[in-house]
Q: 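I am attaching a structure below and will ask some questions about it afterwards.
As a basis for the values below, the full set of heavy atoms in this structure was taken, side chains included, without hydrogen atoms, waters or symmetry mates. The structure displayed is predicted, hence computed values, not measured ones.
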Amino acid sequence: MDHGKNEFASNESLKARRDEACPVGLPSKSGIYAARAKGAELWDVEGKRYIDFIGGIGVLNVGHAHPKVVEAIKKQTENFIHTAFGIAQYESYIEVAEKLNRLTPGDTPKKTALFNSGAEAVENSIKFARQITGRPGVIAFSGAFHGRTLLATTLTGKSKPYKVGFGPYVPAVFHAEYPDEYHGVSVADAIASIDHIFKSAINANEVAAMIVEPVQGEGGFNPAPKEFLEALRKKCDEHGIMLVADEIQSGMGRTGHYFAFERSGVEPDFVCVAKSIAAGLPLSALTGKAELMDKVVAGSMGSTYGGNPVACAAALAVFQIIEEEGLLARAEEIGAQTEKRWKELQSGVGKGVIGDVRRVGGMMALEFVKDGDPAQPNGDAAAAIMLEARKRGLIMTTAGAYAQCLRSLAPLVISDELLNEGLDIFADATEAALKG
């Protein structure tokens, strides 16, 4: 079978062209130049095959080039590709909004607006919260990642590489602690840090919104305890603050629910959605309580490309695939199998180096440390294992403040056979890297 090998290109030759044509600031961790991908597998231009455990950084919950997504895209492009929803509207946009309105956590009626990227959904959530409340302040959390536009960068709770040299940042944004049991930050500590902000930096009645990831992505796949999200909801209600859920990486079935917030029983005011919603096409959404969304001034939300009809067609296919193929349950199965194998490594060859194994559904990470000490992050071990795995045909990537975590976001359509093959490769790579 032709897996897309290009006789006239190599990873090395394309890297040379990339270095000549593109700025160094663009990420280029892998050195892999893709020719073809299907399901949970990818082939580079040299014909080498990889098992994909990162899925476009959480974008491919339904896998690469799912036939139903491809067919939906083809069908839509034969009709029309773009009109701008504000000029000539179309049913698929409304269908995506209706679907999200039904699925977003909580019983309160919802409304949805569509945009292009996760950062754009985040930006609009804060803009709308400020407009609705008439307040300037925003509280985000340490370790958070919310995007790369200036406001999203300001909200992000990790300095290098996301914030270096980009200041001054958007004013009236403050960072509280995020609970992290492994590093000794309790729910009480995190809530106390919010109270400290209210006392020392900005009064609670000047805060428009709190934005939180129910499972931190770039921060290291740290899950927010149910008690923490409940406490945030209570504090927001007490002070008239909007609670914004960033479900960009954790949403669309990754955690075994459509949204990670469902596990807590807490209803946010706004939910930001992107990544796996359209199987790789640019699409994001902001779903909010209908009474709040209708308070936004007419004409103050919009986007030329937001809710593009081809992306909407892909999104409707994604919803269908998740339901028909039972991918919510599959997320939990994938997570359980991966956790078992990783804990075996933790107690074996990775003893003292694999400090923590954590997951929510199919959202998995290992954290690497030195001498079993959480206070000594070991980014070198994570990088060495990632490189060794790549050489052996497994794609992964890092997370965490010191790139000390390796995460798995394997497509939820992955077979048990392919999952176990990938886990075997990872085990061999771990042993080789730690012993070498």
Q: My understanding is that only residues two or more places apart in sequence, or in another chain, count here; which of them pass salt bridge (charged side-chain N to carboxylate O under 4.0 Å, His left out) with E230?
A: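 E230 satisfies salt bridge (charged side-chain N to carboxylate O under 4.0 Å, His left out) with K226 only.
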
Q: Mind jotting down which residue pairs meet the salt bridge (Lys or Arg N to Asp or Glu O under 4.0 Å) criterion with at least one end in residues 315-324? Sequence neighbours excluded, please.
A: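 Residue pairs with at least one partner in residues 315-324: K68-E324, K99-E323.
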
Q: Checking side-chain polar atoms at under 3.5 Å, does N205 have a donor or acceptor matched by the opposite partner on R135?
A: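 Their side chains do not contain a donor-acceptor pair, so the 3.5 Å distance test is not met.
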
Q: Atom SG in C22, atom CG in D19: separation rounded to 0.5 Å?
A: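 These two atoms lie 8.5 Å from each other.
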
Q: Can you pull the ring-ring contact (aromatic ring centres under 6.0 Å, His included) pairs that have at least one residue in residues 239-278, sequence neighbours excluded?
A: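 Listed by first then second residue: F198-H239.
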
Q: For Q404 and Y402, indicate whether the former's side chain and the latter's backbone hold a donor-acceptor pair under 3.5 Å.
A: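 Here the side-chain-to-backbone pair exists.
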
Q: Is it true that a side-chain atom of H146 and a backbone atom of A119 form a donor plus acceptor pair closer than 3.5 Å?
A: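 No; zero donor-acceptor contacts below 3.5 Å.
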
Q: Please list all pairs passing the salt bridge (Lys or Arg N to Asp or Glu O under 4.0 Å) test where one or both residues lie in residues 163-175, with sequence neighbours left out.
A: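 Sorted pair list comes back empty.
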
Q: Output yes when a side-chain donor or acceptor of Q337 lies under 3.5 Å from a complementary backbone atom of L419, and no otherwise.
A: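 No.
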
Q: Salt bridge or not between E227 and K234? Use side-chain N to carboxylate O under 4.0 Å.
A: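 Salt bridge flag = no for K234 with E227.
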
Q: Are any of the side-chain nitrogens in K74 or E71 under 4.0 Å away from the carboxylate oxygens of its partner?
A: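 Here K74 does not pair with E71 in a salt bridge, since their nearest N and O are not under 4.0 Å apart.
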
Q: Other residues, nucleotides and ligands only: do more than 12 of their heavy atoms fall within 6.0 Å of NZ on K75?
A: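 Not more than 12 within 6.0 Å, no.
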
Q: When you measure from the side chain of R330 to the backbone N and O of I322, does any donor-acceptor pair fall under 3.5 Å?
A: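 No, the answer is negative, given that no donor and acceptor are paired below the 3.5 Å cut-off.
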
Q: Give the table of side-chain donor-acceptor pairs shorter than 3.5 Å for residues 212-222, with sequence neighbours excluded, one pair per line with atom names and distance.
A:
unit_1: E213; atom_1: OE1; unit_2: F145; atom_2: N; d: 3.2
unit_1: E213; atom_1: OE2; unit_2: G217; atom_2: N; d: 3.2
unit_1: Q216; atom_1: OE1; unit_2: N222; atom_2: ND2; d: 3.4
unit_1: Q216; atom_1: NE2; unit_2: S142; atom_2: O; d: 3.0
unit_1: E218; atom_1: OE1; unit_2: Y162; atom_2: OH; d: 2.9
unit_1: E218; atom_1: OE1; unit_2: R407; atom_2: NH2; d: 3.4
unit_1: E218; atom_1: OE2; unit_2: R407; atom_2: NH1; d: 3.2
unit_1: E218; atom_1: OE2; unit_2: R407; atom_2: NH2; d: 2.9
unit_1: N222; atom_1: OD1; unit_2: R358; atom_2: NE; d: 3.2
unit_1: N222; atom_1: OD1; unit_2: R358; atom_2: NH2; d: 3.4
unit_1: N222; atom_1: ND2; unit_2: G219; atom_2: O; d: 3.1

Q: Do side-chain atoms of N11 reach the backbone of Y33 as a donor and acceptor pair under 3.5 angstrom?
A: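 Pair found, side chain donor or acceptor close to backbone of Y33.
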
Q: Output every pair passing side chain to side chain donor-acceptor pair (under 3.5 Å) with a member in residues 121-130, not counting sequence neighbours, ordered by first then second residue.
A: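 Residue pairs passing side chain to side chain donor-acceptor pair (under 3.5 Å), neighbours aside: E123-T149.
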
Q: Can you tell me which residue pairs pass the ring-ring contact (aromatic ring centres under 6.0 Å, His included) test with a partner in residues 200-219, sequence neighbours excluded?
A: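 Non-adjacent pairs meeting ring-ring contact (aromatic ring centres under 6.0 Å, His included): zero.
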
Q: For R263 and T255, indicate whether the former's side chain and the latter's backbone hold a donor-acceptor pair under 3.5 Å.
A: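 Yes, because the side chain of R263 sits within donor-acceptor range (under 3.5 Å) of the backbone of T255.
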
Q: Is it the case that the side chains of Q76 and S92 hold a donor-acceptor pair, with the cut-off being a distance below 3.5 Å and no angle test?
A: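 There is no such pair (donor and acceptor under 3.5 Å, judged by atom type) between the side chains of S92 and Q76.
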
Q: Excluding sequence neighbours, so at least two apart, what forms salt bridge (charged side-chain N to carboxylate O under 4.0 Å, His left out) with D294?
A: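 D294 satisfies salt bridge (charged side-chain N to carboxylate O under 4.0 Å, His left out) with K111 once adjacent residues are dropped.
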
Q: Indicate yes or no for a side-chain donor-acceptor contact from E247 to the backbone of A260 under 3.5 Å, with no hydrogens or angles considered.
A: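 A pair under 3.5 Å: yes.
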
Q: If the plane angle is over 60° it's perpendicular, under 30° parallel, otherwise tilted; pick one for F426 and W342.
A: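 It falls in the tilted class, 30° to 60°.
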
Q: May I ask you to decide if T156's main-chain N or O and K158's side chain share a donor-acceptor pair within less than 3.5 Å?
A: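 The answer is no, because no donor-acceptor pair under 3.5 Å joins these two groups.
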
Q: Rounded to the nearest 0.5 Å, how far does CD1 of I414 lie from CG of L327?
A: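 One finds 12.5 Å between CG of L327 and CD1 of I414.
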
Q: Filter on salt bridge (Lys or Arg N to Asp or Glu O under 4.0 Å), then keep only pairs touching residues 168-195, sequence neighbours left out; what's left?
A: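 Counting only pairs at least two positions apart or across chains, the salt bridge (Lys or Arg N to Asp or Glu O under 4.0 Å) contacts touching residues 168-195 are D195-K235.
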
Q: In Å and rounded to the nearest 0.5 Å, what is the CG to CD distance from L418 to E41?
A: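 That separation rounds to 4.5 Å.
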
Q: Just one of L114, L103, T112 clears the side-chain contact (heavy atoms from CB on, under 4.5 Å) bar with T287, so which one?
A: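 So the option named by the test is T112.
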
Q: Tell me whether T398 contacts the main-chain N or O of L406 through its side chain, where contact means a donor paired with an acceptor under 3.5 Å.
A: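 Flag not set: sc T398 to bb L406 has no pair under 3.5 Å.
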
Q: Keeping the roles fixed (side chain from K295, backbone from T133), state whether a donor-acceptor pair exists under 3.5 Å.
A: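 No, the answer is negative, given that no donor and acceptor are paired below the 3.5 Å cut-off.
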
Q: If you look only at pairs with a residue in residues 93-127, which of them pass as a ring-ring contact (aromatic ring centres under 6.0 Å, His included), with sequence neighbours excluded?
A: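 For residues 93-127, and leaving out neighbouring residues, the ring-ring contact (aromatic ring centres under 6.0 Å, His included) pairs sorted by first residue read F85-Y93.
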
Q: To the nearest 0.5 angstrom, please state how far the CD1 atom of I126 sits from the CE atom of M210.
A: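 The distance works out to 11.5 Å.
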
Q: To the nearest 0.5 angstrom, please state how far the OH atom of Y169 sits from the CG atom of L150.
A: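 The CG atom of L150 is 8.5 Å from OH of Y169, to the nearest 0.5 Å.
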
Q: Quick one: ring-ring contact (aromatic ring centres under 6.0 Å, His included) partners of F166, sequence neighbours excluded?
A: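 Not a single residue meets the ring-ring contact (aromatic ring centres under 6.0 Å, His included) criterion with F166.
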
Q: Side chain to side chain contact (heavy atoms under 4.5 Å, CB included) between V318 and N61: does it pass, once the steps are laid out?
A: CA-CA 9 Å; V318 167; N61 284 354; over 6 Å; no

Q: Which residue pairs pass the ring-ring contact (aromatic ring centres under 6.0 Å, His included) test when at least one of the two sits in residues 299-329, sequence neighbours left out?
A: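 Sorted pair list: H82-Y305.
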
Q: L243 and V266: side chain to side chain contact (heavy atoms under 4.5 Å, CB included), yes or no, with the steps?
A: CA-CA 10 Å; L243 180 59; V266 172; 4.2 Å; yes

Q: What's the separation between atom CG in D269 and atom CZ in R233, rounded to the nearest 0.5 Å?
A: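 Here the interatomic distance stands at 4.0 Å.
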
